[in-house]
Amino acid sequence: MKRKVLLLGLVIILILVLTGCGMVAPGETAEDMVEQTVWEYWQAVINRQYGLAKLFCVFDGFWYNKTDEWEEYININSEGPCSFLMIYFDEFYKPTELVEDKAVVYARIITDNIVLPCNSDLYRKMNGMD
């Protein structure tokens, strides 16, 4: 009898856990969840965690594949001792729109390629190359 009650209890807990998947937390809208996912994607790209960024995308979707392009763009523009690329997640400038099973998010991303004036001789001396 105890086994049946224990098994029934575990089954009920399993059902409750599984039905909770995909639900929106109280006080949080679906738009909030979408914006949070977009924000986390860009934070991963900014921190050069491209594998993590892909986890926030639909597998083999547009932004999943775009992550590789961002990686290449960042690496190319960060080459050399005197330049680096800064990426900023500025803001959501319009409300997020949900259309059927798709979301449209309006986010402003700013990239800034910073080139420092540097003397190659000075760089070599500072890094012990001479």
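Predicted model, so just to flag it, every value in this text is computed and none were measured. All residue numbers refer to positions in the sequence shown, counting from 1.
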Which atom of I46 lies closest to which atom of F89, heavy atoms considered:
CD1-N, 3.9 Å
Would the Y106 and F92 ring centres measure less than 6.0 Å apart?
no
Report yes if some heavy atom in the side chain of E71 is under 4.5 Å from a heavy atom in the side chain of N75; otherwise report no.
yes
Assigning hydrophobic clusters by single linkage (Ile, Leu, Val, Met, Phe, Trp, Tyr; side-chain heavy-atom cutoff under 4.5 Å), is V45 placed with Y73?
yes
Would you check if L85 and D112 make a side-chain contact, meaning some heavy-atom pair closer than 4.5 Å?
no
Side-chain donor/acceptor of D32 to backbone N/O of E28, under 3.5 Å:
no
Under a 4.5 Å cut-off applied to non-hydrogen side-chain atoms, are E97 and V105 in contact?
no
Value rounded to 0.5 Å, distance of CG in N77 from OG1 in T111:
8.0 Å
Please determine whether residues W42 and M86 belong to a single hydrophobic cluster, defined as Ile, Leu, Val, Met, Phe, Trp and Tyr linked transitively by side-chain heavy-atom distances below 4.5 Å.
no
Between F56 and T37 the two heavy atoms that sit nearest each other are O-CG2, 3.6 Å
Do the side chains of K54 and D68 get nearer than 4.5 Å, heavy atoms only?
yes
Walk me through it: do D90 and I109 pass the test side chain to side chain contact (heavy atoms under 4.5 Å, CB included)?
CA-CA 6 Å; D90 190 32; I109 308 299; over 6 Å; no
Going by the rule ring pair (Phe, Tyr, Trp, His ring centres under 6.0 Å), which residues pair with F62 if we only count those two or more places apart in sequence or in a different chain?
none
Within the structure provided, determine whether V34 and L98 are in side-chain contact (heavy-atom separation under 4.5 Å).
yes
NZ-OH distance between K66 and Y41, expressed to the nearest 0.5 angstrom
9.0 Å
Heavy-atom closest pair (E31 atom, T96 atom, distance to 0.1 Å) is CG-O, 3.6 Å
To the nearest 0.5 Å, what is the distance between NZ (K102) and CD (E100)?
8.0 Å
Those residues at least two apart in sequence (or on a different chain) that pass ring pair (Phe, Tyr, Trp, His ring centres under 6.0 Å) with Y88 are none
Between Y50 and T67 the two heavy atoms that sit nearest each other are O-CG2, 3.7 Å
Aromatic contact, W70 with W63 (centres under 6.0 Å):
no
